[in-house]
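Some notes on the structure that comes next.
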Amino acid sequence: MKKSILAAAALTAFAAAASAQSSVTVFGIVDQSINRIDNGGNTVTQVKSNQLASNRLGFRGTEDLGGGLKAGFWLEAGMDNENGGGAASGGLAFNRRSTVSLLGAFGEIRIGHDYTPQFWAPVVGDVNGANGLGAGLNLVDKNLGSSANTFVRANNQVEYFLPGGLGGLYGNFGISAGQNEAGNKHWSGRLGYGAGPVDVSVDYGQTKTDTSDDFKVFGVAGSYNFGVAALYGFYNQNKWGSAKQNSYGLSVGVPIGAGQFRAAYGHQTTSDSIRDGSSRLYSLEYVYSLSKMTSVYASYGRISNTDLSNFKVQGNGYDATGDVSSGYNAGIKVSF
Amino acid sequence: MKKSILAAAALTAFAAAASAQSSVTVFGIVDQSINRIDNGGNTVTQVKSNQLASNRLGFRGTEDLGGGLKAGFWLEAGMDNENGGGAASGGLAFNRRSTVSLLGAFGEIRIGHDYTPQFWAPVVGDVNGANGLGAGLNLVDKNLGSSANTFVRANNQVEYFLPGGLGGLYGNFGISAGQNEAGNKHWSGRLGYGAGPVDVSVDYGQTKTDTSDDFKVFGVAGSYNFGVAALYGFYNQNKWGSAKQNSYGLSVGVPIGAGQFRAAYGHQTTSDSIRDGSSRLYSLEYVYSLSKMTSVYASYGRISNTDLSNFKVQGNGYDATGDVSSGYNAGIKVSF
Amino acid sequence: MKKSILAAAALTAFAAAASAQSSVTVFGIVDQSINRIDNGGNTVTQVKSNQLASNRLGFRGTEDLGGGLKAGFWLEAGMDNENGGGAASGGLAFNRRSTVSLLGAFGEIRIGHDYTPQFWAPVVGDVNGANGLGAGLNLVDKNLGSSANTFVRANNQVEYFLPGGLGGLYGNFGISAGQNEAGNKHWSGRLGYGAGPVDVSVDYGQTKTDTSDDFKVFGVAGSYNFGVAALYGFYNQNKWGSAKQNSYGLSVGVPIGAGQFRAAYGHQTTSDSIRDGSSRLYSLEYVYSLSKMTSVYASYGRISNTDLSNFKVQGNGYDATGDVSSGYNAGIKVSF
C-alpha cells in the first residue's frame, strides 16, 4: 500500500539552474468507513479513518550516490480525514515517519522519528496488520500506565537495518537518546527470517520511565502461506515493574477471487492492581480489491473484557471496562 | 480555479516495485491582497488571504477501476498565507475537503469532511462567489448563536451526488452522523438545473444543536448569462427556534476585455432578541485576468448595519454593531 | 539547496479540462544530526534537525504571463523531523515563506510572510550561513527583550526587489503593516553589490514595539572568494531604547576535495541592565558532499559567555548564563 507514483523530474524555466536529478514521490492512503460501534451497551454510528489501513500523506525519495550508496528521506503524516484533520493532534505533521537515511551494502542507517523495532510482532503476526476492528493490536496495552511513549514509534531515533541478501535474515536495531527524557529514552531490536511461504521474527525493547522501572516489550510473530490460506500468529509481553500483560493472536487469510476473507482470534491477560483482567477478541472481515490501489471492505469484531480490562474494537466515547465492545463497519480505501 | 497540473507517473529505481498507474495532482491557490478596512470608524491596513478566491493547497486524484467505475480522493487545506499559516487554526489541515469517493454511472458516493449541500445558495447565486469584501455570504449568519457548526462544511459526512447526463439536472444529499454530537449531526440536500445560460438550484438542511431546536437552512439561487452581462440572485433563510435570518443578494458580472466588472447588492434581516437588526451591502469589483491561472483585482465594499446587526466586509479587530463596515482592496491571485 | 525537481505537467483523464500550463515544484531538505551539547556543564545527547541547513518542505512555481511578466508563489514549511513534527509549533505551516509574487523588468513585488530584508547580514557574512553550532547568528539577540517578532521574518509583508541586470547591484525593501500590532509592524531595507568574487551588503530596519521605542537593526556583511579560500565577515547592531547589542563574525571556508573546511570566530557585547555581558564564539566544521543534493558533516562549536549573556551553540534544556556552551555533532543532509 506504500507503492505510488513519482513526480517526474523535468527542466523548466524555473528550474533552469536546478540539478534536477532527484525526485520526490507523493504518496498516501485515504480510507473511510462507516462504523457502528457498541461499547458497554452504548452504540454510536461514526465515519472513521484507518479501518483497513492507516490514512497517510507522504513525500519520499532516494538519490543514487554511486558506488552502491544511496541517500533517502521519508516524510509521512497521519490524517483523520473524517474531520478534515491533519494528524490526530491538529495540523498535518510527519508523525508516522520523518527520517533521513544512508543506504549501502552495509545496510541502512536511518535517523529521525520512526517506528520502534519492538512494535512489529502484533502487526506482522496478524492478518489484519495494525488496523481495524479485529486487529490483535487492539488488545495490546501500549504503556501499562507508565510514561513510556515508544511502543509504536520513537522520536530522536538512530536505527540500523541489516542489508538484504542475507538468505532471508532481516533485522534492525534502534536507539533513542530521547533528549534523555523519561518516556522517550529507548532502545529496541528485531530479528527475523523470511523466505518463501514462511516468516518468523522476534523483538525486544526497553524504555526509560519516570519511575526506576523500565517499560519492557518482548514479541514473537510468525506466518505461513499455504496458498489456499495463510496462517498468522503472535505473542507479545509488556512489563513495567509489577505490571505485566501477555497477549497473543491467531488469524487466517483465505484468498477468494479478487478478495480475501479474514478471521482472527486474540486473547490478553493483564496482571496489575489497577488494570487486572482478561479479554477475548473474535473478528471476521472481507476485503475486496477493486484494483491494486483501491479496496472495499466489511468487518465485524467483538472483544469481551473481564474485571478491569477495557479494550475496544474501536473507541466511541464510551467505556467497556469488564464489558463487551463490538462493532461492524464497511469502508473504502484508496491508495496513491 | 481548481484546475491544475498532474504529477506524471514515472518509473524509477525507487518505484521499481510500484504499480505506478495512479496519479496525484498537487493544486492550489495563493491570493494576497492589501486591504484598508474601516469597521465602526476604526481603520486598519492589512495584508489578507482569500479575497478573490480561498487560498488552498491540495492533493487529489482518481483511478479508473474499469467498467465505468472510478475511485477518487481529495485532500484540500486552507491557508492564511499572510501569516505563514497553514489552516486558520494553526498547522496545515485538510479542513476544506478531505474525502474518498466511488464514482460510476450511478453517480458519486463521497465520504469524509466536505461542504454541506445546504451551503451553496449564497455562493452560486453571487457573482463574487464566497469571497471578498462584496460577497453576499458576508451577510449570512452561519449559526444564529446556536452550536451548529455545519453551515459550510460537516465532518463525518456520507454524500451521494447525482450522475451527469440527466439533461442539466444535478443534486446531492449528505448525512453526517457527526458521532452523534450536537452541532455536528446534520443532513442536507440540494437540487439544481443548469443548461446553457441558465442555472437554478434550491437547498435545505437541518443540524442538531444543544437545545431541542434544530438549526435549519433553506436557500435558492439562480443565474442567467446574457453574454453582455451575467445576472445572479440568491435568497437564504436560517432558523433556530425563534431566531430567524433572511438574506438575499443581487449581482451582475460584465465582461470587459480580459477582465470582469462586478457589482452587487445584498440585504439581511435578523429577528432574534439578541441580534435583531438589518444590513445592506453594496460592492464593486474589477478582476483582470493576466492568464487563466493569474488575476489581479481591486474592489470596494460597504455594509451598513442597524440595531444589533454586526456584519462586516472583512474583520479588522473592531466592532461594527449598528454601524458601518467598509473597505477597499487590491490583490493578486495565483492558481496552480 | 533550494534547487529541486519539478512535477511535470501532463494531461490525463482527470486533467482533461485543465489548462495544465502551470507547474508546481515540490522541494525540501531533511537534515538530521547527532549532537552532544554541554550547556553550563550539563550535557545532553540529542538528535536534531537544521544543523547544516534548515529542514523544510515546500511547494513553489512560476507562470510566464508573456511580455516579460511572471507570477509566482512560494510555500515553505519548517520541520522538526527528529520529533515527526511539522513546524516547531506543531503542525506543518508555511512559516518559512508563504508568498505570491509578480515579477518583471521592474523587479519583483512579493506579498505575504517572508524573511525581512534586515535579517541577512549575519547570514551572508558567515561561511556557516544561519545554521549549526558555529553560526555567528547564534550570538545575535533577536529582540533584546522587546516584543519585536520580526528579526528573521515578518507577517503581512509587502516587498519590492530590484531586478537583475543592474551591474551587480541588488536590494529589496519590505513594509509590514502588521495589522498595526506592536511587535509586527515593521519596515526594513537591504542594498548590496555582488560581482565575481566579491559580495557586500548593508541592511537597516525598524519594528514597532509595545513601548515608545522601536526595535532597530543595522547590519553590514561582506565576503571575498580567493579560490583557495573564501573569507566572510559581518557586523550587526540591534537597539531598543537603552538596550544595545553589537555582534560581529569572521569566518573562512576552504575547499578540500569534494568537501569544505570551515572555521569561524564571533563576538557579541550587550549593554542592557538585565542582559549585560559579552560572548566569544569559536567553531570548526567539515562538510563533505556525497552529491549535489546530499552532504555529511561534523562540527565543533564553543561559546563562552560573561556576566548575564546566555548564548548557546544549541539549546539542550539547560542554562549557560555567564558560562560556557559547547558541543559537537555529526549529521547528514538530503535535499530534494
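A note on names: the letters A, B, ... follow the listed sequences, proteins ahead of strands, and every chain is numbered from 1.
When the shell of 6.0 Å around OH of C:Tyr204 is examined, it contains more than 12 heavy atoms from other residues, nucleotides or ligands. Within 6.0 Å of OH in B:Tyr288 there are 12 or fewer heavy atoms belonging to other residues, nucleotides or ligands. Annotation: B:Tyr328, atom OH; neighbour count of heavy atoms from other residues, nucleotides and ligands within 6.0 Å does not exceed 12.
Contact check for C:Glu63 versus B:Ser291: side-chain heavy atoms found under the 4.5 Å cut-off. Side-chain contact between B:Phe27 and C:Val24 is absent, with no heavy atoms from C-beta onward closer than 4.5 Å. With a 4.5 Å cut-off on side-chain heavy atoms, B:Leu92 and C:Phe94 count as touching.
The distance from atom CG of C:Asn155 to atom CG of B:Asn83, rounded to the nearest 0.5 Å, is 4.5 Å. Note that CZ of C:Arg110 and CD of B:Gln32 are 12.5 Å apart. Values are rounded to the nearest 0.5 Å. Once rounded to the nearest 0.5 Å, the distance linking CG of C:Asp114 with CG of B:Asn81 reads 12.0 Å.
Contacts between C:Leu75 and chain B at a heavy-atom distance below 4.5 Å involve the side chain alone, from C-beta outward. Looking at B:Ile37, there are no atoms closer than 4.5 Å to chain C (heavy atoms on both sides), in backbone or side chain. For C:Val100, the parts lying under 4.5 angstrom from a heavy atom of chain B are both the backbone and the side chain.
Of all non-hydrogen atoms in C:Ser101 and B:Ile332, the two that sit nearest each other are O-CD1, 4.2 Å. Looking at every heavy atom in both residues, C:Ser98 comes nearest to B:Gly84 through CB-CA, 3.7 Å. In plain terms, the two heavy atoms of C:Ala93 and B:Gly91 that are nearest each other are CB-CA, 4.5 Å.
If you tally non-hydrogen atom pairs under 4.5 Å between each of C:Asp64, C:Ile111, C:Leu102 and chain B, the highest count goes to C:Ile111.
Taking the six-membered ring where the residue is Trp, B:Phe336 and C:Phe73 present parallel rings, their angle staying beneath 30° rather than reaching 60°.
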